[in-house]
*Asks:* 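Dropping the structure in here first, questions after.
Note that the structure is a prediction, hence the values are computed from the model and not measured.
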Amino acid sequence: MSTETTNSQPKQFSLFENIDPTNAQADLAVPPVGKFSNYVVYVDESGDHGMQTLDENYPVFVLAFCIFHKRYYCETVVPALEKFKFNHFGHDLIVLHENEIRKEKGNFNFFQSRAHKHAFLNELTSIIDASNFILISCVIDKTELKNKVGQETNPYHLALGFCLETLYEFLHEKNQDDATTHVVVECRGKKEDNELELEFRRTCDGENRLNIPLPFNIIFADKKVNSTGLQLADLVARPIGMRFLRPEQENRAFDVLKKKFYCDGGREKVGEGFENWGLKIYPQP
């Protein structure tokens, strides 16, 4: 298969031709060329969205949106995680799950010592730290929510509304609001997926705080799909919940994520002003 070149450089796919390759990681508000935006969003959650019973050790629901520039994602983020998998497992078919890693289940029962596991987690955290993405998240305090509105409210739907509204504000800043942005979520079951899609489309049809249509399309992915973006979203959700539950406890993962949150002030203010901006707590303490 031949590859066209210009000045000894391989020709980029049309999706990326309007982007300066030397600035693939820059915070550029470059309008998309076609009908799809320059960004893609991967979503995962931490905690149970049910309200009938509460887990005393983790009575929260966390939804996390990881927003990637498509070119940077496929040229930098994906290769970094693939190399990590080859180094530790010898192949790249492993799907990283925070719960399985933490509990050393399935493919993650190979740690020879605490030091081995610590080194593994440090390397994984370093990849997240080095990866450029924007984080939008919502933590639902299920105990407070149940006390205020009862157990009929769906925490997932509440968190989804906040995250979609904030996602639109970010994409508007990047001149992407006239193009379609895909939001990728994991399948959770036929009933749950149908309810989620209905809520997603209701919100995007204008039933939101902004009272405008939102240019998003939802994509459901099987839990076994080997998606780099979904795996990163899975890894970031629980540290956010733990920071809410135990703010005084050391949480290196959250310290890294602080620099990823969408915040008031742009790139010059990363790590500041993200609370009630890129990170929402509901109900408010």
Side-chain angles (χ1 to χ4, degrees), residues 39-49 58-69 73 77 96-99 102 125 128-129 131-145 153-171 173-174 181-186 188 196 199-200 203 208-209 214 216 218 227-247 249 251-266 269-285:
Y39 293 84
V40 61
V41 184
Y42 295 95
V43 179
D44 211 335
E45 74 267 15
S46 175
D48 180 10
H49 71 277
Y58 199 77
V60 296
F61 176 81
V62 181
L63 195 64
F65 277 34
C66 294
I67 311 165
F68 294 91
H69 186 281
Y73 172 77
V77 180
L96 300 173
H97 285 299
E98 184 277 336
N99 180 273
R102 177 165 45 87
T125 300
I128 296 174
D129 190 14
S131 299
N132 290 335
F133 61 92
I134 300 297
L135 181 58
I136 293 171
S137 183
C138 182
V139 177
I140 303 294
D141 183 342
K142 292 170 58 177
T143 302
E144 285 300 309
L145 182 65
T153 303
N154 189 317
Y156 197 122
H157 295 173
L158 283 175
L160 179 70
F162 165 76
C163 290
L164 288 176
E165 291 162 0
T166 308
L167 173 63
Y168 176 83
E169 293 171 346
F170 167 77
L171 293 172
E173 288 183 9
K174 301 295 180 233
T181 297
H182 290 96
V183 178
V184 185
V185 302
E186 274 193 348
R188 297 179 299 143
L196 175 58
E199 184 68 16
F200 183 95
T203 302
N208 53 67
R209 175 175 53 85
L214 305 179
F216 307 140
I218 191 169
S227 164
T228 294
L230 283 177
Q231 290 168 77
L232 289 176
D234 173 83
L235 292 169
V236 307
R238 183 176 173 85
I240 298 171
M242 293 306 298
R243 190 260 190 174
F244 171 77
L245 290 173
R246 303 187 183 102
Q249 180 176 295
N251 190 335
R252 188 193 166 210
F254 186 82
D255 291 339
V256 167
L257 297 178
K258 284 171 64 175
K259 298 178 289 184
K260 311 294 184 185
F261 280 109
Y262 181 48
C263 63
D264 181 14
K269 298 292 184 180
V270 291
E272 306 173 16
F274 58 85
E275 293 177 328
N276 294 318
W277 198 273
L279 173 61
K280 181 167 180 77
I281 309 298
Y282 188 85
Q284 279 290 325

*Asks:* Is there a side-chain contact between L245 and P59 (heavy atoms, below 4.5 Å)?
*Replies:* yes
*Asks:* Return the CG to CZ distance between L167 and F216, rounded to the nearest 0.5 Å.
*Replies:* 3.5 Å
*Asks:* Taking side chain as C-beta onward, heavy atoms only, is Y156 less than 4.5 Å from V185?
*Replies:* yes
*Asks:* Does NZ or CZ of K142 come closer than 6.0 Å to the centre of the six-membered ring of F61, within 45° of the ring's axis?
*Replies:* no
*Asks:* What residue among L164, T166, I134 forms side chain to side chain contact (heavy atoms under 4.5 Å, CB included) with F65?
*Replies:* L164
*Asks:* Locate the shortest heavy-atom distance separating S137 from F261; write the atom from each residue and the value.
*Replies:* CB-CE2, 3.9 Å
*Asks:* Among K259, R252, K258, exactly one meets salt bridge (Lys or Arg N to Asp or Glu O under 4.0 Å) together with D129. Which residue is that?
*Replies:* K259
*Asks:* So which heavy atom on F68 is nearest to which on Y42, and how close?
*Replies:* CD1-CD1, 3.8 Å
*Asks:* By side-chain hydrogen bond (donor to acceptor under 3.5 Å, both in side chains), which residues pair with Y282, not counting sequence neighbours?
*Replies:* none
*Asks:* Side-chain contact test, heavy atoms from C-beta onward, threshold under 4.5 Å: evaluate it for I67 versus T181 and give yes or no.
*Replies:* no
*Asks:* Parallel, tilted or perpendicular for H69 and Y39, by the 30°/60° rule?
*Replies:* perpendicular
*Asks:* I need the K280 NZ to E275 CD distance, nearest 0.5 Å.
*Replies:* 12.0 Å
*Asks:* Report the distance from atom CD of E45 to atom CD1 of I140, rounding to the nearest 0.5 Å.
*Replies:* 12.5 Å
*Asks:* Nearest 0.5 angstrom please: D234 CG to C66 SG, how far?
*Replies:* 10.0 Å
*Asks:* In the structure I gave you, are the side-chain heavy atoms of F133 and V77 within less than 4.5 Å of one another anywhere?
*Replies:* no
*Asks:* Rounded to the nearest 0.5 Å, what's the gap from CG on L96 to OG on S227? Could you check?
*Replies:* 11.0 Å
*Asks:* Locate the shortest heavy-atom distance separating F254 from I240; write the atom from each residue and the value.
*Replies:* CD1-CA, 4.0 Å
*Asks:* Would you say the side chain of F274 lies within less than 4.5 Å of the side chain of I136, judging by non-hydrogen atoms?
*Replies:* no
*Asks:* Does N251 reach the main-chain N or O of P239 with its side chain, forming a donor-acceptor pair under 3.5 Å?
*Replies:* yes
*Asks:* Is a side-chain N or O of K260 found less than 3.5 angstrom from the main chain of I128, in a donor-acceptor match?
*Replies:* yes
*Asks:* So how far is it from L235 CG to T125 OG1, rounded to the nearest 0.5 Å?
*Replies:* 8.5 Å
*Asks:* For N208 versus T203, what's the shortest heavy-atom pair and its separation?
*Replies:* ND2-O, 2.8 Å
*Asks:* Would you say the side chain of L230 lies within less than 4.5 Å of the side chain of D44, judging by non-hydrogen atoms?
*Replies:* no
*Asks:* Identify the two heavy atoms, one from V43 and one from L63, that lie closest to each other, and give their separation to 0.1 Å.
*Replies:* CG1-CD1, 3.7 Å
*Asks:* Considering non-hydrogen atoms only, spot the tightest contact between V62 and G241 and give its length.
*Replies:* CG2-CA, 3.6 Å
*Asks:* Any salt bridge (Lys or Arg N to Asp or Glu O under 4.0 Å) involving residues 156-169? Give me the pairs, sequence neighbours left out, ordered by first then second residue.
*Replies:* E165-R209, E169-R209
